[in-house]
Enquirer: 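First the structure, then my questions, so here it is.
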Amino acid sequence: MGNFKRFITASAAILIAAGCSTTAVTGGAERVAFGGLNLISNGHEVSLGGGLDQRDAVIGVRDTLSQRLYTSRVSDGGQFALTLMPGDYLVETIAFDYHGEKIEAPANFRFSVPSEFDSVYIGSVTLEASLESGIYGVVGTADRYTIDDECAVRCDEQLSSLGLQTSTSGVSLMSWDYQVAANR
């Protein structure tokens with residue numbers, strides 16, 4: 001899938017420190033986009049969140065029109081939420097801790113935030129990664145990404161924790177851009 005980049009600049013600290021917006025719509029045209037992250041490292045599911053036995057993780061999302069970068073910390077249970085204006089967005093990176101280092105996996109998933117809903121479920125992404133610590137730091141690859149619609153399992157609980165209602169929520173799953181070859 002691609003190689004990981006280690007966070008080695010001050011801008012990485014800003015990305016991690018930015019946190020996430022998990023409040024309900026506070027007026028204006030803002031909407032809440034929410035979803036989940038599952039991390040499988042070397043064949044084992046990783047517990048995400050901020051506890052001692054959990055790894056910190058952050059989702060980086062870019063507005064495709066304004067190019068503004070939004071970040072969301074992944075909470076216990078792998079949930080994340082962002083407050084966004086209606087429009088089109090790109091999940092640019094997934095960053096997480098591994099043996100004391102921040103690892104950034106490049107991603108390229110698009111989703112839309114429609115104006116007709118107060119909140120939108122964008123799906124649950126699973127990142128399967130092969131990682132190992134070496135002399136020069138962590139070496140790894142993103143072996144596979146999958147995107148699932150787990151709204152039947154997660155939405156009610158996550159909407160409740162965000163202070164939102166199911167009746168004003170929609171679904172806009174993340175998807176990949178791809179090119180189809182054609183014979184001429």
Side-chain angles (χ1 to χ4, degrees), residues 1-2 4-7 9-39 46 48-50 55-97 102-129 142 144-151 154-155 158-159 161-164 168-178:
M1 180 61 61
F4 290 125
K5 298 183 228 174
R6 285 191 291 155
F7 281 114
T9 64
S11 64
I14 293 169
L15 174 72
I16 300 300
C20 90
S21 263
T22 58
T23 58
V25 177
T26 56
E30 293 179 330
R31 306 295 189 250
V32 176
F34 66 98
L37 172 65
N38 302 304
L39 176 61
V46 176
L48 299 172
R55 293 197 190 151
D56 281 331
V58 174
I59 302 288
V61 174
R62 188 164 303 276
D63 182 325
T64 60
L65 185 60
S66 72
Q67 295 300 305
R68 179 175 174 194
L69 180 67
Y70 297 85
T71 60
S72 176
R73 276 191 194 279
V74 178
S75 67
D76 297 345
Q79 300 176 355
F80 64 87
L82 298 128
T83 302
L84 304 169
M85 298 296 285
D88 296 320
Y89 294 87
L90 175 71
V91 177
E92 205 169 81
T93 61
I94 298 171
F96 57 91
D97 289 335
K102 298 286 184 204
I103 306 299
E104 179 183 17
N108 187 26
F109 315 121
R110 294 188 181 277
F111 67 94
S112 295
V113 175
S115 60
E116 62 265 19
F117 298 111
D118 290 342
S119 60
V120 62
Y121 174 73
I122 63 171
S124 180
V125 62
T126 299
L127 166 57
E128 295 180 39
R144 182 169 82 149
Y145 285 99
T146 55
I147 298 171
D148 296 308
D149 182 356
E150 296 179 349
C151 194
R154 291 189 149 188
C155 281
Q158 201 166 1
L159 282 167
S161 71
L162 295 169
L164 298 168
T168 59
S169 184
V171 175
S172 178
L173 294 179
M174 296 177 271
S175 63
W176 286 276
D177 286 336
Y178 59 92

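Any value given below was found using the heavy atoms of this structure, including those in side chains, with hydrogens, waters and symmetry copies removed.
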Enquirer: If every non-hydrogen atom of Asn38 is compared with every non-hydrogen atom of Ser124, which pair is closest and at what distance?
Expert: ND2-OG, 3.3 Å
Enquirer: Should Leu65 and Asp88 be marked as a side chain to side chain contact (heavy atoms under 4.5 Å, CB included) after you check the CA-CA gap, both sets of side-chain angles, and the distance that decides it?
Expert: CA-CA 7 Å; Leu65 185 60; Asp88 296 320; over 6 Å; no
Enquirer: List in chain and number order the residues that pass side chain to side chain donor-acceptor pair (under 3.5 Å) with Ser172, two or more places apart in sequence or in another chain; answer none if no residue qualifies.
Expert: none
Enquirer: In sequence, state the C-alpha distance, the side-chain angles, and the governing distance for Phe96 and Leu127, and then conclude on side chain to side chain contact (heavy atoms under 4.5 Å, CB included).
Expert: CA-CA 11 Å; Phe96 57 91; Leu127 166 57; 3.8 Å; yes
Enquirer: Is there a side-chain contact between Arg62 and Arg68 in this structure, where contact means two heavy atoms from C-beta onward sitting under 4.5 Å apart?
Expert: no
Enquirer: Are Ser119 and Leu159 close enough that some pair of their side-chain heavy atoms sits under 4.5 Å apart?
Expert: yes
Enquirer: Within a strict 4.5 Å, meaning less than it, do heavy atoms of the Thr126 and Arg144 side chains meet?
Expert: no
Enquirer: Quick one: closest heavy-atom pair of Tyr145 and Pro106, and the distance?
Expert: OH-O, 2.7 Å
Enquirer: Should Leu39 and Leu48 count as side-chain neighbours, where that means a heavy-atom distance under 4.5 Å?
Expert: yes
Enquirer: Side chains of Val74 and Gln79: does their closest heavy-atom pair fall under 4.5 Å?
Expert: no
Enquirer: Applying side-chain contact (heavy atoms from CB on, under 4.5 Å), name anything that partners Leu173, two or more places apart in sequence or on another chain.
Expert: Tyr121, Asp149, Val171
Enquirer: Can Ile94 and Val125 be said to form a side chain to side chain contact (heavy atoms under 4.5 Å, CB included), step by step?
Expert: CA-CA 10 Å; Ile94 298 171; Val125 62; 4.1 Å; yes
Enquirer: Go through it in stages, so that I can follow the logic: the residues are Val61 and Glu92, the test is side chain to side chain contact (heavy atoms under 4.5 Å, CB included), and I'd like the CA-CA distance, side-chain angles, deciding distance and then a yes or no.
Expert: CA-CA 5 Å; Val61 174; Glu92 205 169 81; over 6 Å; no
Enquirer: Could you work out, with side chain to side chain donor-acceptor pair (under 3.5 Å) as the rule, every residue matching Thr64, not counting sequence neighbours?
Expert: none
Enquirer: Considering all heavy atoms of both residues, which atom of Gln158 and which atom of Gly35 are nearest to each other, and what is their separation?
Expert: NE2-O, 3.0 Å
Enquirer: Kindly compute the distance separating OH (Tyr70) from CG (Leu84), expressed to the nearest 0.5 Å.
Expert: 6.0 Å
Enquirer: State, to 0.1 Å, how close Met174 and Val91 come at their nearest heavy-atom pair, and which atoms those are.
Expert: SD-CG2, 3.7 Å
Enquirer: Between Leu164 and Phe117, is there a side-chain heavy-atom distance shorter than 4.5 Å?
Expert: no
Enquirer: Between the side chain of Arg31 and the main-chain N/O of Ser115, is any donor-acceptor distance below 3.5 Å?
Expert: yes
Enquirer: Would a distance-only check, ignoring hydrogens and angles, find a side-chain to backbone donor-acceptor pair under 3.5 Å from Arg110 to Asn108?
Expert: no
